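Data first, discussion second: the structure below is written as C-alpha cells.
Throughout, protein chains are lettered first and strands after them, A, B, ... in sequence-line order, and every chain is numbered starting at 1. Keep in mind that what you see is a predicted model, and the values were worked out from it rather than measured.
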Protein chains: 2
Amino acid sequence: MARGSTRPTSRDVAEAAGVSQAAVSLVLGDKWRGRVSAATAERVRDAAQELGYRPNLAARNLRLGRTRTVLLVVPALTTEFFAGVYTGAARVAAQHGFGVVLYPSPEGIGPARDPFGSAQAALDGVIASSMAADALTAIRGDQLPLVMLDSDPAGSQGAATVNLDIADGVRQITAHLLELGHRRFLHLAADIPSWTFEVRAREIASCLCEIPGTSLRVARAPISFEDALAAAQTALTAPGPRPTAVICDDDKLAAGAYKAARRLGLRIPEDISITGLDDLALARALDPELTTVRLDAERFGEQGMKALLAVLDGRTPPQEDIPVELVVRGSTAPPAP
Amino acid sequence: MARGSTRPTSRDVAEAAGVSQAAVSLVLGDKWRGRVSAATAERVRDAAQELGYRPNLAARNLRLGRTRTVLLVVPALTTEFFAGVYTGAARVAAQHGFGVVLYPSPEGIGPARDPFGSAQAALDGVIASSMAADALTAIRGDQLPLVMLDSDPAGSQGAATVNLDIADGVRQITAHLLELGHRRFLHLAADIPSWTFEVRAREIASCLCEIPGTSLRVARAPISFEDALAAAQTALTAPGPRPTAVICDDDKLAAGAYKAARRLGLRIPEDISITGLDDLALARALDPELTTVRLDAERFGEQGMKALLAVLDGRTPPQEDIPVELVVRGSTAPPAP
DNA sequence: ACGTTCAAGTGTTACGTATAACGCCTCCTT
DNA sequence: AAGGAGGCGTTATACGTAACACTTGAACGT
C-alpha cells in the first residue's frame with residue numbers, strides 16, 4: 001500500500017510555481033485571459049504536470065454546487081438493450097464533461113427504491129427508464145431535473161420524456177403480417193406493467209380491429225426464455241384454429257416462441273411466422289433469422305442525455321419520438337393456404 | 001425548474017431541532033451512543049425527516065478524504081457478460097456502502113485511455129478487466145488500489161488479480177469432445193490480444209498434444225456474428241480432412257459457427273460438434289442448444305469487488321480462481337464413423 | 001468540602017477549490 | 001504632472017461536513 005504520500009493539491013502546485021493558489025486555479029481553469037501573464041501560466045502548468053496534480057473533485061463539487069454527474073436508472077443491465085442505452089448516454093455526457101452513474105433497479109422493470117443511496121455520487125439530474133410511479137415521485141421529491149425514457153408522456157407529471165416510436169414499429173410489424181395474408185394472430189406479451197408494453201398491446205389491437213376477419217389471442221410471460229417457451233406452447237395448443245403468426249413483445253420472447261413452435265413440430269416460417277422487437281444480436285443468431293423491429297438503443301440513450309442537458313440549461317427539450325425500423329428476415333412468410 | 005430553494009443542510013436541521021450542527025452530525029452518523037440523549041437524537045432525526053435533509057456527498061467526501069466509490073473498467077458493456085460483472089460488483093459494493101461507476105473502454109477490449117476524466121467521480125479504487133499494459137500503468141501511476149480481472153497474474157505488477165478458471169473450463173470442453181471420439185479440431189479463436197484468450201489457445205493445444213492422432217486448426221475472428229461466420233466457413237472448407245468439432249472462444253463466435261455449418265450443409269451435432277464459452281442467454285436460444293462452459297459473471301464481479309474491499313482494508317485478497325462449469329447440451333455428439 | 005467522573009452537549013477547525021474583491025505597478029493620455 | 005486604465009496578481013472567503021477539544025452541570029465517593 002504505497003499511498004502514504006497524500007495527493008498534491010493546488011496549493012502544492014502554487015508553491016512549486018511560486019504563485020498563489022488562486023493563480024493556479026485561474027490558470028488550470030482556463031480563466032486567466034487578462035489576469036495572469038502567459039509566462040506565469042506556463043510555469044503553473046509545468047508545475048502541475050511535474051507534480052502530477054489532479055484536482056480534488058469533491059472539493060470542486062462542493063465549491064461549485066454541482067457535480068456534472070447524472071444518474072441513469074435502468075430496469076436491468078444484463079441485456080444488450082439497456083447496455084446500449086447507457087453507452088449512448090455516456091458518450092453524449094462525456095462530450096459535455098458529464099459522467100453517468102448507473103442505478104440498475106434490482107427488481108427488474110418496475111419500482112426502484114432508493115436510487116440515491118446506491119450511487120455515492122451527488123447528482124445534477126436523472127434519466128429514468130420504464131419506472132413505476134412511486135419511484136418517479138421519490139425522485140421528483142428531490143427536485144432533481146428528470147428525463148423519463150419510454151414512459152407515458154401524459155403521466156410524467158411534467159418531466160421531459162424521450163420515447164422510441166414503438167407504436168409505429170408495432171404498426172409496421174402488424175401491417176407486414178397482414179400484407180403477407182395472416183389473419184389469426186398470437187400476441188406473446190411481456191408480463192410487466194410498463195407503458196412501453198401497454199403501447200404494444202394497444203396498437204396491435206387497434207390495427208387488427210380495422211380489418212374484418214382477423215382474430216387475436218394474447219399470452220403473457222415474463223421476459224425469460226423458459227417462461228416464453230411455456231406460454232407460447234400453451235397458447236399455440238389451445239382449442240380453436242391455431243394462429244399463423246406470433247407477434248412477440250421482444251426478441252427474447254421470440255426465441256422462446258421459436259422453441260415452442262419446434263416442439264409442436266411447426267416449421268418457421270412455413271407453418272408459422274414469428275416476429276420480435278429490439279433487434280438484439282440474438283435476432284440474427286436464430287435460425288431462420290428473426291423478422292423484428294430495430295430499436296436504436298444507443299441513439300435512445302443519446303437523446304435522453306441530450307434532453308437532460310437541455311433541461312439543465314433551462315431550454316425545453318425536443319419532444320420527438322425516435323424512429324424505429326422494420327427489419328424483415330426469414331421468420332415471416334405467407335401462411336399456408 | 002423549481003430548484004430555487006436550496007437544499008437543507010445539517011445546519012438547517014440543527015436549527016430546527018434546537019441543537020448544534022455537531023450534534024446533528026453525531027446523530028445522523030450514528031455515533032451518539034454516549035454523547036447525546038436518546039430524546040435529543042429523536043428530535044434531530046425528526047427534524048431531518050421533516051426537512052427532507054440529505055447530506056451533501058461532496059462535502060462529506062471532501063471532509064473524509066474518500067468517496068466510497070470505485071471504478072469498474074470494462075471492455076464493453078453491450079454484452080451480457082460484463083453487464084453481469086457490473087451487477088455483481090455493484091451488489092457487493094452496495095452492501096458495504098460503496099458505489100460503482102463504469103468506464104467502458106471505448107476501443108473495445110484493449111487499451112483504455114483516461115479512465116478518470118470520463119467519470120466525474122473521485123475514486124477510492126479501480127477494478128479493471130482485460131486491459132492492456134499501458135492503461136494499467138496509467139492507473140497505477142495514480143497509486144489507486146487496483147484489482148485486475150482475468151489478467152495474467154505474473155504480469156500484473158503486484159496488483160491483485162481475480163480470475164475465472166478458464167483453463168479448467170477449456171480442459172473440460174476438450175476432454176468432453178475427446179471422450180466423444182473427436183480427433184480433428186477447429187479452434188475458432190477471438191482475435192483480441194488478451195490474456196484470457198491466450199489461455200484458451202494454450203490450454204487447447206496442450207490438451208491435444210497429449211493425445212496422439214489429433215489435429216488442430218485455428219481460425220481467428222473478432223467477436224462478431226459476421227466475422228465469426230466468415231472465419232468459420234473459410235476454416236471448414238480449407239483443404240484437408242474437415243474438423244469434426246469446433247471449439248469457440250465464446251458463445252457469440254459459436255453462433256457464427258452454427259450458421260457457417262448450416263451454409264455448408266452440415267448438421268449439428270451429427271456432422272459437426274460445436275462448443276462455446278460463457279453460457280449467455282444465446283446458448284439456449286440456438287438450435288440445438290449449445291454445449292458450453294458456464295462463467296458466473298455476477299460472481300466474478302462480486303469476487304472482484306470483494307478483493308478490492310480487502311485491498312482497501314489493508315488485507316491481502318484471496319487468490320483463488322473462480323470455478324466454472326461444463327454444460328453439455330445438444331450441440332455435441334460423437335463424430336460420424 | 002472537595003476532587004473526580006460522567007453525560008450531554010457546543011465551538012471551532014480543516015478538507016481543497018473557485019471566485020469576488022482588492023492592491024500595486026507601469027504606461028498612456030491630456 | 002496628475003489622473004486613469006490596464007496588466008498581473010494576491011487575499012480572503014464560502015461551500016457542508018466530521019471530528020477534535022472543550023465546557024457545563026450534576027452525581028458520587030471519601
Could you tell me how far apart B/Asp12 (CG) and D/dC15 (P) are, to the nearest whole angstrom? 11 Å

Quick one: list whatever passes side chain to side chain contact (heavy atoms under 4.5 Å, CB included) with B/Leu51, sequence neighbours left out. B/Pro8, B/Asp12, B/Val13, B/Ala16

Identify all pairs in which a protein N or O lies below 3.5 Å from an N or O of nucleotides 23-28 of chain C, and state each distance.
none

Strictly by side-chain hydrogen bond (donor to acceptor under 3.5 Å, both in side chains), give each pair with a member in residues 88-99 of chain B just once, sequence neighbours left out. B/Arg91-B/Glu298, B/Arg91-B/Glu302

Distance-only donor-acceptor hits, side chain of residues 306-321 of chain A, under 3.5 Å, sequence neighbours excluded:
{"from": "A/Asp313", "atom 1": "OD2", "to": "A/Arg315", "atom 2": "NH1", "distance (Å)": "2.8"}
{"from": "A/Gln319", "atom 1": "NE2", "to": "A/Thr161", "atom 2": "OG1", "distance (Å)": "3.4"}

Hey, could you give me each pair passing salt bridge (Lys or Arg N to Asp or Glu O under 4.0 Å) that has a residue in residues 16-31 of chain A? Not counting sequence neighbours. none

With sequence neighbours left out, what residues match A/Thr196 under side chain to side chain donor-acceptor pair (under 3.5 Å)? A/Arg200

Distance-only check: which donor-acceptor pairs under 3.5 Å involve side-chain atoms of residues 40-47 of chain A, not counting sequence neighbours?
{"from": "A/Thr40", "atom 1": "OG1", "to": "A/Ser37", "atom 2": "OG", "distance (Å)": "2.8"}
{"from": "A/Glu42", "atom 1": "OE1", "to": "A/Arg45", "atom 2": "NH2", "distance (Å)": "3.4"}
{"from": "A/Arg43", "atom 1": "NE", "to": "A/Ala17", "atom 2": "O", "distance (Å)": "3.2"}
{"from": "A/Arg43", "atom 1": "NH2", "to": "A/Ala17", "atom 2": "O", "distance (Å)": "3.0"}

Taking only side-chain N and O atoms of A/Ser37, does any of them lie within less than 4.0 angstrom of OP1 or OP2 on D/dG7? no

According to the salt bridge (Lys or Arg N to Asp or Glu O under 4.0 Å) rule, which pairs have a member within residues 16-26 of chain A, sequence neighbours left out? none

With the sugar-phosphate defined as primed atoms, P, OP1 and OP2, and the base as all remaining atoms, what B/S/- string results for nucleotides 10-17 of chain C, 5' to 3', for protein heavy atoms under 4.0 Å? BBB-BBBB

Taking 4.0 Å as the cut-off, does a side-chain nitrogen or oxygen of A/Thr40 come that near to OP1 or OP2 on D/dG9? yes

Going by distance alone, is a donor N or O of one side chain under 3.5 Å from an acceptor N or O of the other, for B/Thr67 and B/Asn61? no

